[in-house]
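One structure below.
Just so you know, these numbers use all the heavy atoms, side chains as well, and skip hydrogens, waters and symmetry mates. Sequence lines set the chain letters: A, B, ... in the order given, protein chains first and strands last, and positions in each chain run from 1.
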Protein chains: 4
Amino acid sequence: MKKTKVNGCSLMQYLKDDVKNSILQAALSEFKRHGYSNASMRQIANSAGITTGNIYRYFKNKEDLFHELIHPVYEKFVQYMIEIKDDLDDNCAIDTNNPLDYLRKVESTIVELFKESNVELRILLNLSNGSSYEPVKQELIQLAALILEQVFIPGGDQQDKAMIEKYNLAHMLAGTLIEGACIILRDHEDGETVRQLVDELMRVYCAGIISRLKI
Amino acid sequence: MKKTKVNGCSLMQYLKDDVKNSILQAALSEFKRHGYSNASMRQIANSAGITTGNIYRYFKNKEDLFHELIHPVYEKFVQYMIEIKDDLDDNCAIDTNNPLDYLRKVESTIVELFKESNVELRILLNLSNGSSYEPVKQELIQLAALILEQVFIPGGDQQDKAMIEKYNLAHMLAGTLIEGACIILRDHEDGETVRQLVDELMRVYCAGIISRLKI
Amino acid sequence: MKKTKVNGCSLMQYLKDDVKNSILQAALSEFKRHGYSNASMRQIANSAGITTGNIYRYFKNKEDLFHELIHPVYEKFVQYMIEIKDDLDDNCAIDTNNPLDYLRKVESTIVELFKESNVELRILLNLSNGSSYEPVKQELIQLAALILEQVFIPGGDQQDKAMIEKYNLAHMLAGTLIEGACIILRDHEDGETVRQLVDELMRVYCAGIISRLKI
Amino acid sequence: MKKTKVNGCSLMQYLKDDVKNSILQAALSEFKRHGYSNASMRQIANSAGITTGNIYRYFKNKEDLFHELIHPVYEKFVQYMIEIKDDLDDNCAIDTNNPLDYLRKVESTIVELFKESNVELRILLNLSNGSSYEPVKQELIQLAALILEQVFIPGGDQQDKAMIEKYNLAHMLAGTLIEGACIILRDHEDGETVRQLVDELMRVYCAGIISRLKI
DNA sequence: CATGAATGAGGCTTCATTCAT
DNA sequence: GATGAATGAAGCCTCATTCAT
């Protein structure tokens, strides 16, 4: 890996990117297999075909490597959820007769992300123990719950007790939805199967929720 | 070889139990926070207010400590699930028009266990990685999936592709159901709220599943 | 184990001796099985039917317990060897035509000790690693070598080189003799077999030595 | 993955070998002093002038370090012993009038090994307790005993009791012979002296054994 | 006297991280 | 830029010894 400059354009950059990418790829595989805290930097270096110490020229430390791998997906995920929520805020209320329509919009964003970044999401949601992303899952569930709250408590004009119950319900369903997604991601790698099962999961939830709302 | 005094007041006894309990309590907290394999015996000892070596007077090793904490709940849980399944086998088929009736029976057994052993169940199901209980969650989901398969594939007389899809669906829903229960347990300690939310969760699932079956 | 005094004669003494003896007996077995440094005080206490801490009322520490067990045999052994040597000094020279006669005297002392204190001797010679008796084996070999030197270098009136060679020979044979005894002790517990094999060992050595002296 | 420079002078190589050798040397000394199971990795590291963890860059674990130290000698030793035995089997019977001739052949092989690998052999034979080499000494003594049995029980046509006695005698003498060799090795480093003493040892044994056979 | 719970130092081993080369 | 040897703290666990009871 020799330094060569051609026309003032450093080829190094390309080489460095190569190395960095192979580290990231090796890290992805290692984190997926063993989780954050049980992943071995040495193993990552071996898989990437470089030496242990060299990782630290590209990443400050294990946490930084994890961050660089997971952060983009995390940001996208949060952004999508916020967009969904904002969308919902603008439309003020969901069409409770057909929430499936609404949720189907979710597919075009989140499910895409699921299909694209399957592994990163699994790591983020289920294998980030010991890292600074450990509490993220809860945050995402909070966010999902905010969305569902709008379904159950459209006006917020209810009595306290009923409201708390619906608040709890929204949180619980948000959690199960996200866990459901995690399970799908864990058990299936094929994009189409993932899409299909997410579709089913949402269908079941929507039907259930609609039925629930009619009470 | 416990010191027991005639008048029923043995100080030693209390002290030893105290220590054992504080270890168990500290371990519960540590396992809950970091999972089995990332839990630190040193940290458990510190939390319990004793030295590391002293833990080993009460438990043979880390696995044994985990076992003593988790095993009772595990046994009860498996037993309940088997009873439920046997019950279903005897009745041959579920009343698809009213599966809620059936599922409501589940409440009287499993939900009780959930209410009693909140944290232990969460550890068993989500944080036992690296221990001998690691495969338990999958086994339980298999068991739950078997039950759901009876709902979706009553005769088993379907084309292969459709069957695989329904098989996947059963597994996914089984997983989300169990995760849903875990989430409820994590977020709520009040028995009545837990019961109510499990009820809701089942209602949603049943409604969703019924709606799904009509397709 | 209650303190009872009868006619001013403390029964305690007897009881204490009982305990002390059971410790010694248990220790003998443990040291024999695992050697000094791998022996476990806890195991000794268990075998003796008492508690760990109680050992320390009878023996200052592990080394002291070992000492009290091994020292008598050690002293006797050394004493016998010195007696043998003194005997040899007095008689000025061994009857080289019949050294077996002389060595047979050894039987009546040392072999008796071997037969009586089989286990202690094995521990002293082969299993004292880590204790203060570790170098004893070499000392005993030195002593035995002194005796053999008198056989090979009766007058000490030899040329330097030949003398050094005979000195080495004496040491080597002393060492092998003692090791031979250890091996016999390790492999046989039956007193008669031990006596017989020691006899054979000496016969072989004497024949060999006599033959050697004729050169 | 060793750095090697074209001009044959790689500083790294030297350094690494230096460290590995100093570990091996420190380990040799520690094992010799305390035996396998009581040897301390920390002490070995200290003696080698490195940190404890660094040993594990060179050796997988304690057993591996021991193995790398002892295995070569073990293999050679076993091979020689088998060759000797095969040789004896081919010649069907030993010339009992002159077994010294036969044993002298042994010198040209085993004694060489003894002279080369003094300490390693002593560790292998006397200080391997707790390692996978623990049973080796007994195996070697068995092998040596087999050879001696051919001397004492040529036809195997004896009465039971006499045979058992001779069997015991063969084992005892085999053990003492091997121990004798160990002792010589421990006390002398000079090759010529070792050769001479082994010669003496064998002479004594042969004379003794011949004399014994005449009974 | 006896108990046995507790300590503390040490056992082997792993691993993220640093640094001289 | 890259190397990989070295560090040091932490992992689980054992055990002789002490001490409050």
When D:Ser131 is tested against each of D:Lys62, D:His67, D:Glu63 for side-chain contact (heavy atoms from CB on, under 4.5 Å), which residue passes? D:Glu63
Between B:Thr51 and E:dT7, is there a side-chain N or O to OP1/OP2 distance below 4.0 Å? yes
Rounded to the nearest angstrom, tell me the gap between atom CD1 in D:Ile23 and atom C1' in F:dA5. 11 Å
Counting N and O atoms only, with roles assigned by atom type, does the side chain of B:Ser128 sit under 3.5 Å from a partner on the main chain of B:Leu125, one being a donor and the other an acceptor? no
From F:dT3, E:dA5, F:dG8, nucleotide with atom closest to B:Arg57 side chain: E:dA5
For A:Phe66 and A:Tyr133, take the angle between the two ring planes, folded into 0 to 90°, and tell me which bin it lands in: parallel under 30, tilted 30 to 60, perpendicular over 60. perpendicular
Starting from C1' on F:dA2, measure out to CG on A:Asp18 and report it in whole angstrom. 15 Å
Protein-nucleotides 13-16 of chain F N/O pairs closer than 3.5 Å?
unit_1	atom_1	unit_2	atom_2	d
F:dC13	OP2	B:Tyr56	OH	2.7
F:dC13	OP2	B:Lys62	N	2.9
F:dC13	O5'	B:Tyr56	OH	3.4
F:dA16	OP1	C:Ala39	O	2.7
F:dA16	OP2	C:Met41	N	2.8
F:dA16	N6	C:Arg42	NH2	3.3

Look at atom CZ of C:Arg186 and say whether more than 12 heavy atoms of other residues, nucleotides or ligands are closer to it than 6.0 Å. yes
With heavy-atom distances below 4.5 Å as the criterion, would you say the side chains of D:Tyr56 and D:Met41 are in contact? yes
B:Glu30 side-chain N/O to B:Ser40 backbone N/O, donor-acceptor pair under 3.5 Å: yes
Does a sphere of radius 6.0 Å around NZ in A:Lys137 hold more than 12 heavy atoms from other residues, nucleotides or ligands, not counting ones at 6.0 Å or beyond? yes
Interatomic distance, B:Ile50 CD1 vs E:dG4 C1' [rounded to whole Å]: 14 Å
What integer distance in Å separates A:His34:NE2 from E:dA16:C1'? 16 Å
For B:Ile44 and F:dC12, what is the distance between atoms CD1 and C1' respectively, to the nearest whole Å? 11 Å
Send over the distance from C:Phe59 CZ to F:dT18 P, rounded to a whole Å. 16 Å
Measure the distance from CD1 on C:Ile55 to P on F:dT18 and round it to the nearest whole Å. 13 Å
In dot-bracket, 5' to 3', how would DNA chain E read with Watson-Crick or G-U wobble pairs under 3.5 Å, [ ] for crossing ones and | for pairs to another strand? .||||||||||||||||||||
Given atom OH of C:Tyr58 and atom C1' of F:dT17, what is their separation to the nearest angstrom? 18 Å
Under a 4.5 Å cut-off applied to non-hydrogen side-chain atoms, are B:Leu24 and B:Leu65 in contact? yes
For A:Gln25 and A:Ser29, what are the C-alpha separation, side-chain angles and deciding distance, and is it a side-chain hydrogen bond (donor to acceptor under 3.5 Å, both in side chains)? CA-CA 6 Å; A:Gln25 188 182 324; A:Ser29 164; over 6 Å; no
